[in-house]
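Below is one structure, written out as structure tokens, with a few remarks after it.
Everything numeric here is computed off the predicted structure, so don't read it as measured data. Chain letters run A, B, ... following the sequence lines, proteins first, then strands; residues in each count from 1.
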Protein chains: 2
Amino acid sequence: MPLVEKIQNLSALSPGAVDWLKNNIEALSFKKNDLILKEGKVCNYLYYIKSGMAGGYYQTKDQEICNWIAAENDFATSYYSFISREASYESIACFENTEVQAISYEKINTLYKLFPESERAGRLILEDYYSRLEERLISIQFKSAKERYDTLFEKRSEIIKRAPLGRIATYLGMKQETLSRIRAGK
Amino acid sequence: MPLVEKIQNLSALSPGAVDWLKNNIEALSFKKNDLILKEGKVCNYLYYIKSGMAGGYYQTKDQEICNWIAAENDFATSYYSFISREASYESIACFENTEVQAISYEKINTLYKLFPESERAGRLILEDYYSRLEERLISIQFKSAKERYDTLFEKRSEIIKRAPLGRIATYLGMKQETLSRIRAGK
DNA sequence: CGTATTATTTGATTTAGGTCAAAAGCTGTT
DNA sequence: AACAGCTTTTGACCTAAATCAAATAATACG
């Protein structure tokens with residue numbers, strides 16, 4: 001499903017908005033391990049993954065922690081940097097060769113001005129980010145490592161299958177060894 | 001510091017916007033243990049605490065988990081419900097007798113229409129909520145119970161002093177017994 | 001291919017914080 | 001003041017997951 005269709009599913013857009021969007025979306029291609037965004041830069045794009053897989057992670061004293069993992073038909077951006085226009089503390093990297101569609105912060109704002117009904121879709125995308133963050137907090141605070149794994153397995157089995165184990169582990173808030181043992185059923 | 005001044009500190013408002021705000025803010029008084037918002041209702045107000053203390057919490061299978069605690073000069077609302085217009089999963093209760101100023105969702109939107117420069121302040125308030133949530137996730141995921149307590153003690157000692165221990169414990173993601181032992185220095 | 005490098009698994013051990021149970025301290029009410 | 005009903009503290013014990021260390025397995029690359 002291309003980006004425009006995905007947005008349409010969130011909230012209907014006028015034909016004019018659809019046309020305008022189609023002319024203002026960029027298509028980009030990344031190779032496995034390419035960085036889409038480097039920590040310290042402002043994230044100027046809302047990305048949408050057509051194929052492949054990418055993730056956002058940040059550096060702590062002694063390890064990289066994965067914040068989110070996005071696959072086909074998922075949005076991907078450094079949310080806080082994108083909305084606040086401040087430097088991102090997270091980097092975004094591709095876990096596979098990845099094709100994305102991207103729309104810049106400026107273009108989105110032009111879209112809002114030209115087609116006010118598009119604000120609703122924009123808000124829905126960003127709210128979705130917020131509620132995912134909330135869910136993640138609740139999951140880390142109250143679920144056991146195995147429950148967190150099982151939930152991800154049910155909801156996003158493509159991540160379990162395709163993302164690197166180390167990334168999945170830090171995303172789920174556990175050590176790689178623990179994830180490996182859970183996976184082995186021990 | 002009254003609400004209007006607090007907002008001015010975030011982002012300057014025109015004299016017209018300030019006047020309009022002053023005429024459209026409600027002042028409300030709550031007693032200790034009063035509910036400001038009941039779980040299941042849409043949160044229609046952005047509250048601002050003039051005196052007292054309140055907190056947001058939600059019910060799990062076997063306990064109430066505190067999401068946030070706000071004191072004098074803090075904003076307080078059920079963020080997700082307020083922005084999405086959906087039922088709140090959290091309740092807001094007063095931990096002390098509490099005086100608040102409140103502005104409704106509708107009035108805020110009128111303000112935005114009448115005085116577009118006010119959008120910036122609105123966005124800053126909401127971004128602040130998002131980044132607090134992020135900080136909390138990171139803290140729960142990577143800091144020990146004692147470190148989490150110490151951080152709260154440094155940053156918000158009024159909470160440590162005045163909020164009920166059980167609320168502080170669930171807010172910090174630990175058991176009350178653990179918090180009590182940390183406090184006793186054991 | 002075969003070897004180097006990186007990713008994953010397995011084993012042994014430790015530990016932070018949870019659980020359960022009871023005691024001690026507070027606060028408000030008549 | 002005395003009692004009831006909270007909140008907070010303390011003690012003994014237990015367990016999930018971390019840590020440390022090493023062995024395999026998978027992947028990439030000349």
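- Looking at B:Asp128, its side chain never comes within 3.5 Å of a backbone N or O of B:Leu124 through a donor-acceptor pair.
- Separating the CD atom of A:Glu64 from the P atom of C:dT6 is a distance of 14 Å, rounded to the nearest angstrom.
- Taking the side-chain contact (heavy atoms from CB on, under 4.5 Å) definition, one finds that A:Ala145 meets it with A:Arg148, A:Met174, A:Thr178, A:Ile182, sequence neighbours left out.
- No option in B:Thr77, B:Leu133, B:Ile92 other than B:Ile92 meets the side-chain contact (heavy atoms from CB on, under 4.5 Å) test with B:Trp68.
- With hydrogens and angles ignored, the 3.5 Å screen pairs no side-chain donor or acceptor of B:Ser88 with any backbone N or O of B:Ser81.
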Residue pair A:Asn73, A:Tyr48: steps toward the side chain to side chain donor-acceptor pair (under 3.5 Å) verdict: CA-CA 7 Å; A:Asn73 305 325; A:Tyr48 175 77; 3.1 Å; yes

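- Rounded to an integer number of Å, the gap from CD of A:Gln141 to P of C:dG17 is 13 Å.
- At a non-hydrogen distance threshold of 4.0 Å, nothing from residues 157-167 of chain A comes into contact with DNA chain D.
- For B:Asn97 and C:dG28, the CG to P distance is 11 Å, given to the nearest whole Å.
- Atom CZ of B:Phe95 and atom P of C:dT27 are 17 Å apart (whole Å).
- The OH atom of A:Tyr149 sits 18 Å away from the C1' atom of D:dA16 (whole-angstrom rounding).
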Under 4.0 Å protein heavy-atom contact, by nucleotide of nucleotides 17-30 of chain D - B base, S sugar-phosphate only: SSBB----------

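- If you measure from atom CD1 of B:Ile140 to atom P of C:dA16, you get 18 Å, rounded to the nearest angstrom.
- Residue A:Arg183 places no side-chain N or O under 4.0 Å from the OP1 or OP2 atom of C:dT8.
- Here A:Arg162 pairs with A:Glu96 in a salt bridge; the nearest charged N to carboxylate O distance falls below 4.0 Å.
- Put simply, CZ on A:Phe142 is 17 Å from C1' on D:dA16, counting in whole angstrom units.
- The side-chain tip of A:Arg167 does not point at the ring of A:Phe95 from less than 6.0 angstrom away and within 45° of straight on.
- A salt bridge does not link A:Arg136 to B:Glu134: none of the charged side-chain nitrogens sits closer than 4.0 Å to a carboxylate oxygen.
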Stepwise ring pair (Phe, Tyr, Trp, His ring centres under 6.0 Å) check, A:Phe82 with A:Tyr105: CA-CA 7 Å; A:Phe82 185 77; A:Tyr105 184 82; 5.4 Å; yes

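- Between the CG atom of B:Leu179 and the C1' atom of D:dT7 there is a distance of 12 Å, rounded to whole Å.
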